[in-house]
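Side chains included, hydrogens not; waters and symmetry mates left out as well; all remaining heavy atoms used. This is a predicted model, so every value here is computed, not measured. Atoms within each ligand, like the ligands themselves, are counted from 1 in listed order.
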Amino acid sequence: MIDEALSSIQAEPVTLDLLRRLHTEALNEPAYVSTDGQLASAALDRFVALDPDKCTLVYLLLRASGARHIVEAGTSFGVSTIYLALAARQNALAAQAAASRRGGGDDGGGGKVTATENEPAKADKARAHWVQTGEGLDQWIDLRVGDIRETLKTDLPEQVDFLLLDIWAFLALPAFRLVQPKMQIGATVVVDNVVAAKEEYADLLAYLDDPANGFKTSTVPYQGGLLVAVYVG
Ligand SMILES: C[S@@+](CC[C@H](N)C(=O)[O-])C[C@H]1O[C@@H](n2cnc3c(N)ncnc32)[C@H](O)[C@@H]1O
């Protein structure tokens with residue numbers, strides 16, 4: 001499962017080896033129990049990471065859309081962030097190359113992942129993982145440590161192309177609402193576990209399904225259900 005998923009990722013061998021090792025560790029962690037949208041305290045230091053097949057889909061969506069300004073709600077040990085940063089970097093470099101082919105030099109758009117984690121110890125581990133990547137991906141990540149309801153209140157990019165919601169369900173809608181004003185047509189939101197935690201996500205799902213809010217959605221049948229929502233205006 002891990003190797004098959006990684007075969008679709010464009011990355012240096014050292015980065016692929018790191019991802020293989022981190023996914024193996026995460027998949028070997030015992031499952032945690034979440035109640036009422038809150039996480040059991042025993043899970044606070046658990047190595048939780050988005051499954052490799054879901055990470056690959058996210059990476060390919062990012063590459064297909066050319067997304068460069070990405071927000072991650074819930075970073076943990078930084079595994080999914082590596083995929084987001086790979087795509088942000090590759091899309092930014094591709095946009096820059098296209099601009100210089102047109103004779104315009106730097107297109108000025110850059111690219112960045114705004115990552116968020118509440119637990120300082122997890123944030124430290126995430127940073128330590130990112131510096132081990134072959135591409136220097138730590139340079140492409142702005143990690144904000146603290147409660148996401150505060151850390152995303154200020155200094156978001158002018159435009160957010162993609163939001164990964166991989167956080168406790170009761171925080172998903174508040175995080176989404178902070179980022180939503182920065183979304184333009186085509187902005188994409190991916191949410192993990194929407195089938196398994198349907199009740200906990202009821203507020204977010206109702207919001208995304210309301211035609212007045214301008215999103216179209218589809219749930220991909222990965223484990224627990226992975227929602228893809230696109231802002232169509
Ligand atoms: C499912 S994990 C993220 C996994 C990560 N996306 C990956 O695939 O590697 C969710 C993370 O959200 C963090 N979290 C929980 N409450 C938070 C809050 N209020 N603000 C920021 N992060 C929070 C948890 O500590 C946990 O590490």
D3 with R20: basic N within carboxylate O range, under 4.0 Å: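 Looking at D3 and R20, the cut-off is met.
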Any luck finding a side-chain donor-acceptor pair between [X] and [Y] under 3.5 Å?
X	Y	answer
Q10	R63	yes
Y207	Q180	yes
T15	E12	no
Q132	R21	yes
S80	E72	yes

G146 touching ligand 1 at heavy-atom level, < 4.0 angstrom: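 Under 4.0 Å: yes for G146.
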Atom pair CD1/CG of I148 and L171 - distance to nearest 0.5 Å: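 Those atoms lie 7.0 Å apart.
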F77 and H129 aromatic ring geometry - parallel, tilted or perpendicular at 30°/60° bounds: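 If you compare the ring of H129 with that of F77, the planes turn out tilted.
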Could you tell me, atom by atom, which parts of ligand 1 come under 4.0 Å of a heavy atom of [X]?
X	result
E119	25 (O)
A49	7 (C), 8 (O), 9 (O)
E72	6 (N)
I148	18 (C), 19 (N), 20 (N), 21 (C)
L50	7 (C), 8 (O)

Answer with side chain, backbone, both or neither: which part of [X] has a heavy atom less than 4.0 angstrom from an atom of ligand 1?
X	answer
L171	side chain
E117	both
W168	side chain

Nearest option to atom 6 (N) of ligand 1, as decided by whichever heavy atom of S80, A126, P52 sits closest: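 Nearest option to atom 6 (N) of ligand 1, by heavy atoms: S80.
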Quick check: [X] and ligand 1, any N/O pair under 3.5 Å apart?
X	value
G74	yes
L164	no
R149	no

Flag side-chain contact, heavy atom, 4.5 Å: T133 against L18: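 Answer yes - side chains close enough.
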